[in-house]
Amino acid sequence: MQLAVSATTTSTGEAFQFWVLGTVAVIGALCTVLMKKAVHSALCLAGTMIILAVFYLANGAYFLGIVQVVVYTGAIMMLFLFVVMLVGVTAADSLKETIKGQRVWAAVCGIGFGVLLIAGIANASLKHFDGLKQANAGGNVEGLAALIFTKYVFAFEITGALLITSAIGAMVLTHRERTERAKTQRELSEQRVSDGKHLPPLPAPGVYARHNAVDIAGLLPDGTPSELTVNQTLRGRGQIRDVSSEALSDLKALEQRSTERLGREEEAAK
């Protein structure tokens with residue numbers, strides 16, 4: 001009788017933990033969707049996952065709590081965060097929808113999922129309580145394995161088959177098998193000459209040695225900016241600084257000073 005009462009009641013500490021951490025988890029989940037910068041969204045999602053791990057640990061699911069921290073928060077989310085920080089995602093990226101009506105369908109699917117979730121929770125009922133001690137009698141890992149490989153073995157195997165199928169499908173779609181012979185260096189050089197492409201090395205970014213930024217087009221010997229010196233990704237994002245007029249004026253001033261200096265040196269030599 002005492003076990004049943006303890007299983008159906010919640011202590012003050014558990015209620016306080018649930019409402020405080022649950023509120024923070026919901027706010028983090030909303031910030032993950034609403035944040036404009038991908039780095040901030042990743043940090044909010046990592047915080048939400050850590051709170052879920054705390055919930056697992058508080059409910060006696062120690063294995064799931066450790067896996068949540070190590071695998072999802074520590075490995076997957078940190079890898080995603082580092083990739084975003086290295087590659088760089090800015091607000092200048094295009095937010096135009098490539099699939100028409102995808103936001104409407106996403107809203108409809110979200111509302112449908114919410115209705116199903118609320119209906120499932122409303123129809124849920126528990127008549128028998130075992131308690132954490134009985135569930136983890138042989139250990140948390142053993143209890144979890146017993147459920148996965150006995151009661152839920154078919155659902156577990158079907159999920160594994162779907163994951164393996166999706167991984168194989170992604171590999172097949174991204175893999176491109178070479179069916180033709182690879183061209184030699186001589187053949188590639190001859191093809192470049194015949195196509196009339198830029199034969200010598202591309203000019204370095206920046207304006208001569210006065211500026212080495214990658215977002216500034218380099219100047220050719222005649223003073224015109226070279227479009228080949230700027231990365232196409234930066235050009236697509238609109239992150240190129242146009243300083244051609246400024247660079248030309250600086251070069252003209254430099255040439256004038258050089259001419260004046262050479263003239264004074266020639267007069268002094270005479």
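The chain is numbered in sequence order, starting from 1. All of these numbers come straight from a predicted model, not from anything done at the bench.
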Inset, instruction - Mind telling me whether Phe18 and Phe55 have parallel, tilted or perpendicular rings, with 30° and 60° as the class edges? - result: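 Judged by the thresholds at 30° and 60°, the geometry between Phe55 and Phe18 is tilted.
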Examine [X] and [Y] and state if one hydrophobic cluster contains both, with Ile, Leu, Val, Met, Phe, Trp and Tyr joined whenever side-chain heavy atoms are less than 4.5 Å apart.
X: Leu147; Y: Phe156; result: no
X: Val54; Y: Leu52; result: yes
X: Leu45; Y: Met35; result: no
X: Leu43; Y: Tyr72; result: yes
X: Phe63; Y: Ile50; result: no

Atom [atom1] of [X] and atom [atom2] of [Y]: how far apart are they, to the nearest 0.5 Å?
X: Leu117; Y: Ile121; atom1: CG; atom2: CD1; result: 4.0 Å
X: Tyr152; Y: Ile158; atom1: OH; atom2: CD1; result: 14.5 Å
X: Thr23; Y: Ile51; atom1: OG1; atom2: CD1; result: 9.5 Å
X: Lys183; Y: Gln191; atom1: NZ; atom2: CD; result: 3.5 Å
X: Asp195; Y: Glu190; atom1: CG; atom2: CD; result: 11.5 Å
X: Tyr62; Y: Tyr56; atom1: OH; atom2: OH; result: 15.5 Å

Side chain to side chain, [X] and [Y], heavy atoms closer than 4.5 Å:
X: Val193; Y: Ser189; value: no
X: Leu144; Y: Leu64; value: yes
X: Ile148; Y: Val153; value: no

Legend entry - Exercise: identify the closest heavy-atom pair between Cys44 and Gly28: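 Here Cys44 and Gly28 meet closest at CB-O, 3.5 Å.
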Legend entry - Contact summary for Ala53 and Gly65, nearest pair of heavy atoms: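 Where Ala53 meets Gly65 most closely, the heavy atoms are CB-O, 3.6 Å.
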Inset, instruction - Kindly say whether Thr184 contributes a backbone atom to a donor-acceptor pair with the side chain of Glu187 at under 3.5 angstrom? - result: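 At least one qualifying donor-acceptor pair exists.
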